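The next block holds one structure in the form of structure tokens; read it before the comments.
As the structure is a computational prediction, the values presented were derived from the model and not from experiment. Both counts, for ligands and for their atoms, begin at 1 and track the order of listing. The figures here come from the full heavy-atom set of this structure, side chains too, leaving out hydrogens, waters and symmetry mates.
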Amino acid sequence: MTGNASWFARALEVIPGGVDSPVRSFASVGGQPVTIASGTGATLTDVEGTVYLDYVQSYGASLLGHANPAVVRAVADAAALGSTFGAPTPGEVLLAETMCRLVPGLEQVRFVSSGTEAVMSALRVARGFTGRDRIVKFDGCYHGHADSVLVAGGSGVAQLGLPGSAGVPNGAVADTVVAPYNTVPILDDQVAAVIVEAVAANMNLVLPAPGFLEGLRAECDRVGALLIFDEVITGFRLSLGGAAEVFGVQPDLWTFGKVIGGGLPIGAFGGRREVLSCLAPLGPVYQAGTLSGNPLATAAGRTVLEAVTPEDLRRLGTRAQEFGRELESAIRSGGLGATVVAAGPLLGLYLAAENPVAPTTYAEARVICSNGYYPRFFHEMLERKINLAPGAYEVIFPSLAHSDDDFAATVTAAAAASRAVATS
Ligand SMILES: *Cc1c(COP(=O)(O)O)cnc(C)c1O
């Protein structure tokens, strides 16, 4: 019982679907996932010893690459001092100070243990602060799996939310309104908050149209609603200041996760001091967590944020975009249509018979991502030891550990994979 097949068979027995998060399953691409034994830098090694170039990087939780030596050391050092106390620690203060220094307008943060929790807490703060119930989210944006934001793509701001998952009562989403991405909804004075991925990176990659984020800011200000940027993916990745810095639009609240834990479980929400003062113990909005601000996670996160310079991220962005252009032309040369969209170092790959037009909404993204090309391309790449996400709606995460040779090898594999799909 040592190979991929046997590990996954055992997983299926004791873990529903064999996975602890549905995105890891191969449900949308067919087949079965490999089981990972270890990772280092840009690569993963499965339990059979096969090495893959990894563009998932734990869906963006890893920015420096796997098992970065400085992060490993920081976690080991922190663990040796005790892993959780239920009391304030220097580590959480240092990470909070670092984040507030880097993100323009971010005055305070509170740590939690996942992005989902960060979003739940930010929404509660927004509701508590404004005394209003309604939340506006955008079709195709993912904000974790809390009831109120797990809403099926609806269209039109007037439309009441419908459950996007069994087990979510209608009441939990009655105050969630879904609007199409890249259209500024008309709000009223019942709206507590508008939550948005400033760059949408969970419906493949969809860029904010010029004026969209500015329009949201102005519309929120007009009715006294709070603007929440969910920067769980974009934070400390698009730039050290995140999307707010890149686009020059400041939200009232932010949510963070992924990068800020350096590969350990963490989330954070933050914003202006005035808004966060409504949180217990200062105010009436309750929010808590036994493992919140965990010393291992904050040590790992701080090591990452202190290791990365603004120039590192600018260079990674430039290199990733060059890689994206080469990937696009390699796939086109192999016979498939392809369009690669980029935001900083994030890449979105769209495949079709003819080169698709970059989508601006979830509805447009869905037409391309459901055309059946991605699953075939994914498997051809995996056979060539390139690990893309097993789903057409995920983005490509080049890390600081990916070398130019890694990118070149990926481009070569992509040309061959495209040819294999186009001729089959
Ligand atoms: C991943 C993600 C979340 C949820 O974070 P978890 O740590 O998986 O709970 C929330 N928002 C966005 C934009 C994300 O990409």
Side-chain angles (χ1 to χ4, degrees), residues 19-25 55-63 103 109-124 126 135-151 153 164-165 176 178 181 193-208 213 216 227-238 242-244 246-247 251 253-270 287 289 291-294 296-298 300-301 304 343-348 362 365 389-397:
V19 291
D20 283 319
S21 194
V23 292
R24 299 175 196 173
S25 84
Y55 289 98
V56 180
Q57 295 289 324
S58 193
Y59 292 91
S62 162
L63 177 60
V103 177
V109 291
R110 182 172 276 180
F111 293 108
V112 291
S113 296
S114 68
T116 294
E117 240 187 294
V119 168
M120 283 169 52
S121 306
L123 294 176
R124 189 176 305 145
I135 300 294
V136 176
K137 79 172 286 285
F138 294 91
D139 198 11
C141 283
Y142 180 68
H143 302 295
H145 66 93
D147 281 357
S148 66
V149 283
L150 202 60
V151 182
S165 162
T176 305
V178 181
Y181 196 75
V194 173
I195 184 166
V196 67
E197 286 183 82
V199 172
N202 284 287
M203 46 170 134
N204 203 326
L205 195 65
V206 175
L207 306 181
L213 299 174
L216 293 181
L227 179 61
I228 306 175
F229 277 3
D230 182 347
E231 295 225 46
V232 170
I233 283 184
T234 53
F236 307 98
R237 181 178 290 275
L238 287 190
V246 168
F247 296 103
L253 287 168
W254 280 258
T255 55
F256 298 103
K258 297 190 173 127
V259 166
I260 64 162
L264 275 78
I266 203 168
F269 62 102
Q287 185 280 332
L291 295 176
S292 293
N294 178 262
L296 274 57
T298 53
V304 173
L346 292 170
L347 299 176
Y362 183 41
Y393 294 97
E394 309 299 337
V395 297
I396 294 172
F397 288 100

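- Under the 4.5 Å side-chain criterion, counting only non-hydrogen atoms from C-beta, Val196 is in contact with Tyr181.
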Run the side chain to side chain donor-acceptor pair (under 3.5 Å) check on Arg110 and Gln287 step by step: do they pass? CA-CA 10 Å; Arg110 182 172 276 180; Gln287 185 280 332; 3.1 Å; yes
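- Judged by distance alone, the side chain of Thr116 and the main-chain N or O of His145 form a donor-acceptor pair under 3.5 Å.
- Between Phe138 and Tyr362, the distance separating the two ring centers is not shorter than 6.0 angstrom.
- Protein residues with any heavy atom under 4.0 Å from ligand 1: Ser114, Gly115, Thr116, Tyr142, His143, Gly144, Glu197, Asn202, Asp230, Val232, Ile233, Lys258.
- Side-chain N or O atoms of Arg237 include none that pairs as donor or acceptor with a backbone N or O of Val259 at under 3.5 Å.
- Using a 4.5 Å cut-off on side-chain heavy atoms (C-beta onward), Asp139 and Met203 make no contact.
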